[in-house]
Amino acid sequence: MAGHSKWANIQHRKGRQDKLRSKLFSKLSKDITIAAKMGGEDPDMNPRLRLAIANAKGQSMPKDNIQRAVSKGVGGDGADYEEIRYEGFGPGGIGFVVEASTDNKNRAAMEVRTAFSKNGGALGETGSVTFMFDQMGKIEYPLAVTSEDEMMEAAIEAGAEDVETDEEADDQWDEYEPVHTIWTARDDLGPVAGELEKKFGEAKSVNLIWKAQNEIDNPEQAAAVMRLNDALEDVDDVSTVFHSFAMTEEAMATIPDDE
């Protein structure tokens with residue numbers, strides 16, 4: 001998805017990558033712990049754990065960290081996390097869907113609400129935003145794995161709905177690794193990911209995501225939307241943030257270097 005790489009590039013350009021990577025490892029560990037606690041330590045018998053471990057490996061998470069997270073879940077030492085989804089609106093009416101895993105719902109709700117209110121947004125009711133999004137499967141492979149045509153052919157044969165391939169990095173700031181993005185129906189994510197793994201090996205990431213049905217193209221709001229996105233991602237309990245903003249080249253150009 002073109003907007004995906006552009007948004008990632010902005011985050012690299014603004015010096016957030018180290019912080020985001022630390023947050024990502026924490027999220028991946030939590031996902032593994034929750035999966036192991038719910039379904040046991042055998043990935044072959046626990047699809048959710050298999051997916052969580054595959055995502056961790058795709059992000060180069062050390063094997064020791066993965067095993068510690070599994071052991072924590074199996075041993076019952078991990079906190080009793082609950083998965084929660086928040087919905088709200090940002091500057092310019094941009095829709096936000098925020099997924100969180102928390103052991104304290106009151107704390108999580110307060111911090112998410114504060115992030116919205118301090119950055120020009122407002123927390124909404126359940127269902128107030130998600131009707132504008134589709135929940136879909138998203139699989140990512142590095143470009144080096146195969147050609148665009150071969151990935152398209154393999155993905156469609158496996159049952160995917162679409163494939164989008166990023167362009168190669170073309171400037172000194174573009175540190176984001178370009179990928180093939182494979183889109184699937186929600187219930188087809190596991191089967192499609194399994195077929196592609198047989199052909200191309202483990203994916204960089206395999207996730208269920210909320211994809212906006214229509215992205216809002218409003219470049220003047222780019223900096224404000226990014227501030228809210230960053231504030232939500234900085235909440236410890238937040239796992240993933242999705243929004244309906246179109247991060248176009250024009251929008252990127254409006255964001256100050258020190259934003």
Q: State which residues pass side-chain contact (heavy atoms from CB on, under 4.5 Å) with N119; sequence neighbours excluded, sorted by chain then number.
A: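 Per chain and number, N119 pairs via side-chain contact (heavy atoms from CB on, under 4.5 Å) with R227, L228, A231.
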Q: Just how far is it from atom OG of S29 to atom CE of M61, taken to the nearest 0.5 Å?
A: 2.5 Å
Q: Would you sort out whether W183 and K138 count as a side chain to side chain contact (heavy atoms under 4.5 Å, CB included), showing the intermediate values?
A: CA-CA 5 Å; W183 297 100; K138 181 180 180 182; 3.8 Å; yes
Q: Does G95 offer a backbone N or O that forms a donor-acceptor pair with the side chain of S244 under 3.5 Å?
A: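 Side chain of S244 to backbone of G95: a pair is present.
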Q: For I66 and I53, which heavy atoms make the closest approach, and how far apart are they?
A: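 Result for this residue pair: CG2-CG1, 4.1 Å.
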Q: Taking E87 for the side chain and V129 for the main chain, is one N or O donor matched with an acceptor at less than 3.5 Å?
A: yes
Q: What distance do E250 atom CD and N218 atom CG have between them, rounded to the nearest 0.5 Å?
A: 9.5 Å
Q: With distance as the sole test, does T33 use its side chain to make a donor-acceptor pair with the main-chain N or O of A69 at under 3.5 Å?
A: yes
Q: In Å, rounded to the nearest 0.5 Å, how long is the span from OG1 of T126 to CZ of R85?
A: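 The distance works out to 6.5 Å.
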Q: Any idea which heavy atoms bring L208 and F242 closest together, and the distance?
A: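 Looking at all heavy atoms of both residues, the closest pair is O-CZ, 4.4 Å.
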Q: I'd like to know whether F200 forms a side chain to side chain contact (heavy atoms under 4.5 Å, CB included) with M151, so could you lay out the CA-CA distance, the side-chain angles of the two residues, the decisive distance to 0.1 Å, and finally the verdict.
A: CA-CA 9 Å; F200 302 117; M151 179 60 76; 3.8 Å; yes
Q: How close do F25 and P62 get, heavy atom to heavy atom, and via which atoms?
A: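 Nearest heavy atoms, F25 then P62: CE2-CD, 4.0 Å.
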Q: Between K27 and D31, is there a salt bridge with N-O shorter than 4.0 Å?
A: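 Counted as a salt bridge, because a side-chain N and a carboxylate O are separated by less than 4.0 Å.
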Q: Do the side chain of N46 and the main chain of G40 share a donor and acceptor less than 3.5 angstrom apart?
A: yes
Q: Might you work through the side chain to side chain donor-acceptor pair (under 3.5 Å) test for Q213 and D134, ending with a clear yes or no?
A: CA-CA 6 Å; Q213 296 166 1; D134 294 319; 3.1 Å; yes
Q: To the nearest 0.5 Å, what is the distance between OG1 (T254) and CE (M226)?
A: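 Going from OG1 on T254 over to CE on M226, the span is 9.0 Å.
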Q: Any chance you could measure N207, atom CG, to T240, atom OG1, to the nearest 0.5 Å?
A: 7.0 Å
Q: Could you list the donor-acceptor pairs under 3.5 angstrom formed by side chains in residues 186-198, with sequence neighbours left out?
A:
unit_1 : atom_1 : unit_2 : atom_2 : d
R186   : NE     : Q135   : OE1    : 2.8
E195   : OE2    : K198   : NZ     : 3.1

Q: Tell me, please, which residues at least two apart from S101 pass side-chain contact (heavy atoms from CB on, under 4.5 Å).
A: K30, I34, E83, S239
